[in-house]
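Numbers here are sequence positions counted from 1.
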Amino acid sequence: MQKYLPHIRIPFKLFDDERIRKIPEEHRSSSLLILISLLKFVNTQNGQCYPRQATISSMVCLHRSTIYRCTELLQEVGILKTKRLKSTLLYTIHSDYLVHKKYNVASKDSNVSLKDMSGRMMHDISKPIIKETIISNLVKEIVSKGGDKEHITDKLATLPRNTLTKAIQEKDNPYYCSLALSKQDEKGKGVLVDIPKNIINEIRKKSHFGYQQKVSKTKRDHDRKIKSKDLLRGNSKD
């Protein structure tokens, strides 16, 4: 199940940035919009991305000439750099505009005032936050196909009981796992039944290797005797 909607993270300073103010007013808002659209594709580790101009144009509804002009302005003020690739441009955004650092409030030297916090970067979103498990992937897949709570419960109920119990302990979709365990109990999968001792002994006896060999030998001897009788009966008729 998707816990968060896809989103773009930008630092607060972007809306009151000295580099942005250097861009002429008639191009400032378009340049800001283009920078935000580039942040959708950026790799937060190296600040690089390479969307086509047609992709950017469809996102921000600006003409390619405007995108080209605003990209030039963003380069002039030092916000990004571009490099010509075979079929597109490689954009490298300045690290000041990437949200990829974790602010350590436990540090003794850290100033935790609101003024200092506004300029700090938050958690690294390039690393996965939600732990991917078999159960979470199953739930996500069912929901993506339009399944409801009943479908999720039925699917999880097919998993081994110890897997569901462990998932509850680890807080991995405990609600659905509990429903799946209840469904197993309803079907009798979770109920212990006392099997009579004589049945257990009989099963143990028949599964023993020596017993199986003896049964096989007895059958072979019996078949040999039947064939011998048939052979003698046929000779007597002649």
Exercise. Taking atom types as modelled, is there a side-chain donor on His151 or Asp154 under 3.5 Å from an acceptor on the other?
Worked result: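 No - no donor-acceptor pair under 3.5 Å links their side chains.
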For this session: Please determine, by modelled atom types, if Ser216 and Arg220 share a side-chain donor-acceptor pair under 3.5 angstrom.
Result: yes
If you group Ile, Leu, Val, Met, Phe, Trp and Tyr by side-chain heavy-atom gaps below 4.5 Å, do [X] and [Y] land in one group?
| X | Y | result |
| --- | --- | --- |
| Leu98 | Leu90 | no |
| Leu159 | Val143 | yes |
| Ile34 | Val77 | yes |
| Tyr68 | Leu62 | no |
| Val60 | Phe41 | yes |

Least distance between heavy atoms, [X] atom then [Y] atom:
| X | Y | result |
| --- | --- | --- |
| Thr71 | Tyr91 | CG2-CE2, 3.8 Å |
| Tyr97 | Leu39 | O-CD2, 3.5 Å |
| Ile135 | Thr163 | CD1-O, 4.3 Å |
| Cys49 | Pro51 | C-CD, 3.6 Å |
| Gly78 | His94 | O-CD2, 3.7 Å |
| Ser37 | Met59 | CB-CE, 3.6 Å |

Drop me the distance from [X]'s [atom1] to [Y]'s [atom2], to the nearest 0.5 angstrom.
| X | Y | atom1 | atom2 | result |
| --- | --- | --- | --- | --- |
| Leu80 | Gln75 | CG | CD | 5.5 Å |
| Ser95 | Asn46 | OG | CG | 11.5 Å |
| Thr158 | Leu138 | OG1 | CG | 7.5 Å |
| Glu72 | Ser31 | CD | OG | 11.0 Å |
| Ile134 | Asn173 | CD1 | CG | 12.5 Å |

Problem set entry | CA sep, side-chain torsions, deciding dist, call: Glu150, Lys183, side chain to side chain contact (heavy atoms under 4.5 Å, CB included) | CA-CA 10 Å; Glu150 199 65 31; Lys183 185 168 284 291; 3.5 Å; yes
Closer than 3.5 angstrom, by distance alone: can the side chain of [X] be matched with the main-chain N or O of [Y] as a donor-acceptor pair?
| X | Y | answer |
| --- | --- | --- |
| Thr92 | Gln48 | no |
| Arg28 | Ile23 | yes |
| Thr165 | Arg161 | yes |

State, with a plain yes or no, whether a side-chain heavy atom of [X] is found less than 4.5 Å away from one of [Y].
| X | Y | result |
| --- | --- | --- |
| Asp16 | Arg21 | yes |
| Phe15 | Ile20 | no |
| Tyr176 | Lys155 | no |
| Ile93 | Leu74 | no |
| Ile168 | Leu181 | yes |
| Asp223 | Lys219 | yes |
| Leu32 | Leu14 | yes |
| Thr133 | Glu170 | no |

For this session: Assess whether atom CD of Glu18 is packed by more than 12 heavy atoms of other residues, nucleotides or ligands within 6.0 Å.
Result: no
Exercise. Any salt bridge between Lys217 and Asp221, counting N to O under 4.0 Å?
Worked result: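 Looking at Asp221 together with Lys217, the answer is yes, because their closest N to O distance falls below 4.0 Å.
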Problem set entry | Verdict with supporting geometry, Cys177 and Asp172, side chain to side chain contact (heavy atoms under 4.5 Å, CB included) | CA-CA 8 Å; Cys177 290; Asp172 180 10; 5.9 Å; no
Exercise. Can Arg52 and Ser57 be said to form a side chain to side chain contact (heavy atoms under 4.5 Å, CB included), step by step?
Worked result: CA-CA 9 Å; Arg52 294 175 180 273; Ser57 177; over 6 Å; no
For this session: Decide side chain to side chain contact (heavy atoms under 4.5 Å, CB included) for Arg9 and Thr44; before the verdict, give the C-alpha distance in whole Å, the side-chain angles of both, and the deciding distance to 0.1 Å.
Result: CA-CA 10 Å; Arg9 298 190 69 180; Thr44 55; over 6 Å; no
